[in-house]
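Reminder, nothing fancy here: chain letters follow the sequence lines and each chain counts from 1.
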There are 2 protein chains.
Amino acid sequence: MSAPRARTRIQAKNSQAILDAALDIFSQYGFRGATLDQIAERAGLSKPNLLYYFPSKEAIYVALLAGLMDTWLAPLRALHHDGDPVEEILGYLRRKLEMSRLYPRESRLFANEILQGAPQILDQIEGDLKALVDDKAALIRLWIAEGRLAPVDPYHLVFSIWATTQHYADFDIQVHRVLGQEGDAPFAEAERFLTHLYRSALTPNPLTAR
Amino acid sequence: MSAPRARTRIQAKNSQAILDAALDIFSQYGFRGATLDQIAERAGLSKPNLLYYFPSKEAIYVALLAGLMDTWLAPLRALHHDGDPVEEILGYLRRKLEMSRLYPRESRLFANEILQGAPQILDQIEGDLKALVDDKAALIRLWIAEGRLAPVDPYHLVFSIWATTQHYADFDIQVHRVLGQEGDAPFAEAERFLTHLYRSALTPNPLTAR
DNA sequence: CCTGCCGCTGACCATTTGGTCAAACAATCA
DNA sequence: TGATTGTTTGACCAAATGGTCAGCGGCAGG
């Protein structure tokens, strides 16, 4: 997802391989549960060679998280005042679900980081993330005041979209086993269900609209 | 949540203290990331003393998970055919949210286990869990066929309830920081929001009902 | 009060783990 | 080609980690 700054071809290739392998391992076991040996083996490199490219285990982890937040918030940033409010939010829902489908490891990495108390990204949560959500919450309140959206708590609306979409990445094992399915089929079904869910709840009631 | 079988008072007290401490640690760091020293310190016992009560780290972890699944599924089991379908599902939603409020550590332990590939509970997921969801999905389909519930995919309805309710336990740090609140206030707000969300989506439309 | 078991501990052990380093090896460029 | 820079590795290290064990103290029942 994020390409590291590199001077030579070999550097670009190997540090990318390291980050990719580290994403596999960290997203599954969390920072503490992952080992450099696991990452090195998955990357096809020796452990000392890993540490030639990154100074420490934590540096790899931080490098992964560094680029993640921006990418992760891009779908919400794209929520704009123009257009129909309900369709705007449904578009956000679709983009977020697509993120879960395309980048499940990143979603799990994020989940693991938060479960462990968000030691690395707490300031980003209180800073960028909170600011962005505050901003979009104000927009949603505006839409509600205009009668173009049913009156709902904008923060919990956003939380519920995060929860439902990331669930398909973070708990995909459970989803697949319960459904008895494999592959991306659940995502298409989820999109249909969630679209109905949010369209019902967000469409303003014409009988009570002013 | 689950009391271990014990013969003496001291056994009961200490193994309970161990399980309580282990729940703290495992739910935050996952199985691999947790250490016996952490658990021993939190339990106020020495590490050899831990291993006097449990034969291994894994045994503690398994003991925690063993009782969890039943408790975790109790709210869904309580979904019955009697009563109004919409209110039944809203009741399930409320019970599940209450579980997140009262037992956030258990929720995180479960989340961590699934993130790591559910090595210990995969068979329970494919067995008990799937069977229960299949059963309740059939009930929901019945309600839909009777026109007493809007037509929705029952599996993804359940998934979305899991996702939205467990989110407030698993991601509570994020929720609290974004809201700038502390304590249980988010749960009350979430209940209001989610009630509206699901009531809107599940109430059958009288215009299209047959 | 003494005997035997339960509870507990310090010392110890093997393995794993994050990390270092000197030296070997490969690529590049003047 | 030779000098320089970039890349890789085997050997090694200290700390952390899961686990063992002999023994000691205390409490309980006879």
Look at all strands and tell whether [X] reaches a base, only sugar-phosphate, or nothing, counting heavy atoms closer than 4.0 Å.
X	answer
A34(B)	sugar-phosphate
L36(B)	sugar-phosphate
R32(A)	sugar-phosphate
L51(B)	base

Measure from [atom1] on [X] to [atom2] on [N] and round the result to the nearest Å.
X	N	atom1	atom2	result
L50(A)	dT9(D)	CG	C1'	13 Å
F54(B)	dT20(D)	CZ	P	15 Å
I25(B)	dT17(D)	CD1	C1'	15 Å
D37(B)	dA15(D)	CG	P	15 Å
Q11(A)	dA27(C)	CD	P	15 Å
F26(A)	dT17(C)	CZ	C1'	13 Å
L45(A)	dT7(D)	CG	P	12 Å
Y53(A)	dT9(D)	OH	C1'	13 Å

Which of V152(B), V158(B), L157(B) passes side chain to side chain contact (heavy atoms under 4.5 Å, CB included) with I89(B)? Answer is L157(B)
Quick one: which of L179(A), L197(A), L194(A) gives a side chain to side chain contact (heavy atoms under 4.5 Å, CB included) with H156(B)?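 The side chain to side chain contact (heavy atoms under 4.5 Å, CB included) with H156(B) is passed solely by L179(A) among L179(A), L197(A), L194(A).
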Heavy atoms from C-beta onward define the side chain here; which of dG19(C), dT20(D), dT7(D) lies closest to that of P48(B)? dT20(D)
Ranking dG7(C), dT17(D), dT20(D) by distance to the side chain of T35(B), first place goes to dT17(D)
Is the distance from OP1 or OP2 of [N] to the nearest side-chain N or O of [X] less than 4.0 Å?
X	N	answer
S46(B)	dC8(C)	no
Y52(B)	dC8(C)	no
N49(A)	dT7(D)	no

5′-ward residue of the pair K47(B)/N14(B) relative to DNA chain C: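 Result: N14(B).
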Out of R105(A), R42(A), K13(A), which one pairs with D20(A) under the salt bridge (charged side-chain N to carboxylate O under 4.0 Å, His left out) rule? R105(A)
Lys/Arg-Asp/Glu bridge criterion (N-O < 4.0 Å) met for E98(B), R101(B):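 So E98(B) pairs with R101(B) through a salt bridge.
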Tell me the closest heavy-atom pair linking L132(B) and L73(B), and the distance in Å.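 Answer, listing the atom of L132(B) first, then L73(B): CD2-CB, 3.7 Å.
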